[in-house]
Amino acid sequence: MTTLPTTHVSFPAGAVTGESPVLAVHPLADGRYAVVTEATPFHPLDHTWPDQPADLGTLTVDGVAHPVVDCLTGGHGPAGEFLVGADIPVRRGDPEWSWLVLHVLATDPGAVTGRPAQLSVDADRRALLSAAHSGCHLLALALNAAIAPRWRKDPGRSDAFGSPDFDSLAMASSVMDTEASTDTYRLGKSLRKKGFTAEATEEFPALADALPALTEAVNAQLAAWVAADAPVRIEVPGPELTARRQWHCELPAGSAAIACGGTHLHHLGELAELRTELTLSEDGSELIAVTRPKRA
Ligand SMILES: [Zn+2]
């Protein structure tokens with residue numbers, strides 16, 4: 001395989017269709033086939049931070065529609081190596097590597113290299129994933145604000161609204177699906193050292209007992225933001241898959257920005273409701289937020 005250029009992507013602007021020449025077809029270790037195009041609207045699973053699942057859809061060449069059953073990130077290394085997803089040994093964006101969107105087909109598409117492909121993403125699935133992803137970022141900001149009094153000292157990192165950034169300091173994992181975003185936060189020793197208090201103090205009850213009030217405060221904030229129909233956009237410094245994109249939301253309190261490689265709503269009025277449910281893991285070591293958007 002000759003060196004392939006990093007794939008150009010149109011999903012940050014919300015595109016779900018496109019046309020682009022096929023640059024290569026690569027057989028995968030599991031018997032499936034990866035089709036690489038010059039540009040694509042498909043959002044692949046990221047290999048470094050796999051929070052938003054892959055787009056699905058179809059890739060049509062010469063009138064034959066091939067179902068795209070998965071979409072992964074591929075890395076084409078300086079020594080000609082071709083690796084997929086978690087097997088890629090370097091972080092996303094390493095300039096020595098080319099970064100490819102892999103449209104995964106279950107069967108060999110045949111001689112399609114060099115032919116134009118029509119790319120079509122399952123728009124319903126995309127819309128659900130975008131809603132869950134926007135919900136994830138809003139939850140982060142609302143939770144940071146509601147949980148802020150539990151910091152004994154400034155942990156040295158704050159969010160767009162000046163709250164200590166509990167979301168990024170405690171984040172263990174963030175996973176979206178078509179129903180919800182599930183964000184898991186670690187309440188361990190290192191968070192306590194940074195100044196976070198999960199125990200009861202004179203000012204507030206233990207986190208476990210404070211969860212109903214905390215949930216209510218977060219949900220009131222999310223409802224207010226949805227009601228304000230705040231616009232959302234992705235700032236795109238370049239067309240490459242690896243460009244450092246940023247999510248921006250013009251909330252009533254000001255503009256919020258979060259680094260993000262995913263897809264999003266265009267404005268919060270696309271939702272009828274956004275609610276989270278906060279729980280603690282059985283041993284109390286993790287706080288789990290399940291945030292469900294309901295589309296308008
Ligand atoms: Zn994101």
Side-chain angles (χ1 to χ4, degrees), residues 7 9-16 40-55 71-73 85-86 91-93 99 101 121 125-145 157-161 163 165-186 218 221-222 225-226 230-251 254-268 270-271 274-276 287-293 295:
T7 311
V9 295
S10 52
F11 61 77
V16 289
T40 187
F42 277 76
H43 174 268
L45 184 72
D46 189 274
H47 82 288
T48 299
W49 186 246
D51 58 349
Q52 182 175 333
D55 278 337
C71 191
L72 301 170
T73 300
R91 285 188 72 80
R92 174 176 60 176
W99 297 90
V101 174
V121 173
R125 174 181 163 86
R126 160 71 73 74
L128 293 168
L129 294 173
S130 295
H133 202 146
S134 291
C136 165
H137 287 265
L138 294 167
L139 177 269
L141 295 167
L143 180 59
N144 284 348
R157 196 188 297 176
S158 52
D159 69 16
F161 296 137
S163 305
D165 199 347
F166 174 85
D167 177 77
S168 79
L169 290 162
M171 175 62 69
S173 70
S174 178
V175 182
M176 293 121 214
D177 58 27
T178 52
E179 307 276 310
S181 170
T182 302
D183 295 273
T184 304
Y185 301 99
R186 204 170 288 128
V218 170
Q221 180 62 84
L222 295 177
W225 285 342
V226 167
V232 178
R233 67 190 164 83
I234 309 292
E235 202 174 88
V236 179
E240 299 84 10
L241 172 62
T242 45
R244 293 181 165 276
R245 293 180 288 275
Q246 261 200 334
W247 173 88
H248 283 259
C249 188
E250 304 304 323
L251 294 167
S255 182
I258 293 178
C260 182
T263 69
H264 287 277
L265 302 168
H266 294 291
H267 58 103
L268 302 187
E270 291 170 57
L271 299 180
L274 180 64
R275 288 185 68 80
T276 200
L287 174 68
I288 301 142
V290 179
T291 310
R292 292 174 196 281
R295 282 196 297 167

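Both counts, for ligands and for their atoms, begin at 1 and track the order of listing.
Near-neighbour remark for the Zn ion (ligand 1): protein N, O or S atoms under 2.8 Å are H133 NE2, H137 NE2, C260 SG; waters not counted.
Partners of W225 by side chain to side chain donor-acceptor pair (under 3.5 Å), not counting sequence neighbours: none found. With sequence neighbours excluded, the residues satisfying side-chain contact (heavy atoms from CB on, under 4.5 Å) with R275 are N219, E273.
Considering OG of S181 and NE2 of H137, their distance stands at 8.5 Å, rounded to 0.5 Å.
The main-chain N or O of D167 is found under 3.5 Å from a side-chain atom of N144 such that the two form a donor-acceptor pair. Side-chain N or O atoms of T7 include one that pairs as donor or acceptor with a backbone N or O of V101 at under 3.5 Å.
Listed by first and then second residue, the salt bridge (charged side-chain N to carboxylate O under 4.0 Å, His left out) pairs that reach into residues 126-143 are D55-R126, sequence neighbours excluded.
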